[in-house]
Amino acid sequence: MSLFTQKMRMLTAVVLDGQSDAVVKALLEEGVMDFVHISELDKEQAGRLNAHKTSMNKSLVADLRSRCENLMKQGRIPLPSITKNDLAKMEAFDGQAARSLLDSLSDSLSSRREEQRSISQKLLSFQEMAGYIEEKKTDYLDIRHGDVGEGRKGEDLALRLAQYGILEKDGRGHYISISLKRDASAVNDAMDKFAWSEKPEEANASLSAATAILKERIGSLQKRSDEIAAEVEAEVGRHADELRKLWMTLRVSELSEHVESYFSYTRNTTLFSGWVPSSKAQEVESVIYEAAKGRCIIEWTEDSEVERDKIPTSVSSAKVLAPFERMVKNYGTPEYGSINPTPFTTVAYIIMFALMFADVGQGLVLLLIGIIGGHWYKSHPMAKDGLISRYLCSLLMFLGPASMVGGVLFGSYFGFNWLPALWFNYHAVVNGNATAGLVTDIFDILGITIKFGIAVISLGLVLNWINLIRKRRYLELVFDKNGLVGGLIYAMGIWACYHFVGSGCQSFPSNPVLYAGLGVGLLLLLVKGPVYAVHKARLSGHKEKVGTVVMDTIMDFLVQVLEIFSGFLSNTLSFMRVAGLGIAHVSLMTAFEQIAEMTGSIVPYVLIMVIGNVLVIALEGLSAGIQSLRLNYYEFFTRYFTGRGIAYEPVGLKSRIVID
């Protein structure tokens, strides 16, 4: 794992036309090049080159691949990984043969699909009826007992009513009709034609009979649906090898076309360019030389020769930190050459969660959910994410132990103080029972979280200074509100506030260093406008009027002062929510314990505490997770992480790129 984004190099290669297909396959196997169009690099040169022209029907290939994937899903056939040997043995794409295979298999399954579609429609209707009975909403149902007329067949009436509901014989030789009230007119018309006669004396038995009939029908339909699914799976499974081979051919064709869309051509050569991590540069060069049999020219462009904002960002983090890397990507892409936010996000998120949700027992439950859920998803790779998703399972593997560590520090075990706390007894402090130690009341807890907030914000400022130095933006480093001037004023503000609170809100410190620091900070904010105006004039050669500069400086100074003082204050106090959720967590467990004690019996006591722990894990765990994410995004990231970088998107056999 790197503390900064990976260093990149841009490769530009020229190969003979006859070797381009082999080079494409080699690059797909390597999967580390983020291609760029030649026209983006040199517009004058691009005008003398021919663009890529394809003979492949992209929509056809995409459609065939989608159909192939749908069939494989029905057959529970996982998508295969494409290896170097697969590439070597792969045949050219034959659209006619591919369509023929898929059409043939689809035709053989069509009758089963139609039956399954019909079953699904009936199941939905019957389940709706059963739901109304269960919820005692029988006003929505039309349930009748009776007989068909002389010479009429109940079976014929049952067929006529099949699209609306059920007609079936009860145990006494009569018929019972079950349908929805909205279909009553259609049901009446059909019954009139069969001379239906009602038996009102059977009305009391109608509801229980309808319940039994619906239950039996739903069960038999579900059983048949499962049988059809098994038949489809078996049928598709017999063609598993053909489907895997076809899918690999289609996928490689798509990816190859995507890569070749970046190529440009002369009469006999192919030109392409792309970004590669420096650590992979030598390996990629060797692969191209080997594939092209040495008939190529390769040149490298260093990142220093290209504008920073045009270089894609590749972040290298340990695989185990994938849940937190996803948090970073959801926010944005770091700028090239800047700090890698993932390790700092990991530490900050875990500590915040541990402070808000500190309990050994509840943390153990979260860990077990993560382990069991992760194992289940590994055993069912094609299963869709549920309420507890794959991502959440991997995140719980961190949050469970974090909560357990917090529980040990604060002495909380399923809401009880079974063992002494290593730091302080959170429950005793919140409930007003703490008499000794450094933390004795809620204000001490609030103070801890404010200090933690100061540490997080200060770290964000330092990371921002490092980023600005690496980007050589020295004016921003000095004058920006998240630069040195903002850090100086923030430090002086912290000093003044701590002295003010320590004096019982009676006085501010009289140390001249404090006022000198504030004075220097305010002076830098005041001269920011003129300095930026001079810098802009040097770059553009255009000088603004003195009056304009003065007015802009005054307005900017007032806005910056308000933003720094109010912004830093609100950002710091925002971390009090960490204490707030921690206090709420303890208060809820205390409330459940008090309710349980009121029962005076062991069984209700245990039951209430179990329910209380379940509710706290679900509600407080969710709240703590959301607030940890919010504090990272809005109080930490905003100090040093712009999210304006270009994502590094290499094309390889494992890429998820789809041809439009």
Distance-only side-chain donor-acceptor flag, Tyr336 / Asp303, under 3.5 Å
yes
Test Thr440 against Val429 for side chain to side chain contact (heavy atoms under 4.5 Å, CB included), laying out the working first.
CA-CA 5 Å; Thr440 57; Val429 173; 5.9 Å; no
Salt bridge present between Lys25 and Glu29 (N-O < 4.0 angstrom):
no
Looking only at side-chain N and O atoms, does Glu299 offer a donor or acceptor that is under 3.5 Å from a partner on Thr12?
no
Go through it in stages, so that I can follow the logic: the residues are Phe324 and Phe398, the test is ring pair (Phe, Tyr, Trp, His ring centres under 6.0 Å), and I'd like the CA-CA distance, side-chain angles, deciding distance and then a yes or no.
CA-CA 10 Å; Phe324 302 98; Phe398 289 89; 5.0 Å; yes
Taking only Lys NZ, Arg NE, NH1 and NH2, and the carboxylate oxygens of Asp or Glu, determine whether Glu635 and Arg630 approach each other closer than 4.0 Å.
yes
Considering all heavy atoms, the nearest Ala354-Phe410 contact:
O-CE1, 4.4 Å
Please check if any side-chain donor atom of Ser412 sits under 3.5 Å from a side-chain acceptor atom of Asn417, or the reverse.
no
Verify the neighbour count for atom CZ of Arg76: are there more than 12 heavy atoms of other residues, nucleotides or ligands below 6.0 Å?
no
Between Arg473 and Glu335, does any NZ, NE, NH1 or NH2 come within less than 4.0 Å of an OD or OE carboxylate oxygen?
yes
Among side-chain atoms of Asn85 and Thr83, is any donor-acceptor pair under 3.5 angstrom?
no
Given the ring of Phe568, does Arg639 sit roughly above its face, with NZ or CZ under 6.0 Å from the centre of the six-membered ring and within 45° of the axis?
yes
Quick one: do the Thr572 and Tyr490 side chains pair a donor with an acceptor below 3.5 Å?
yes
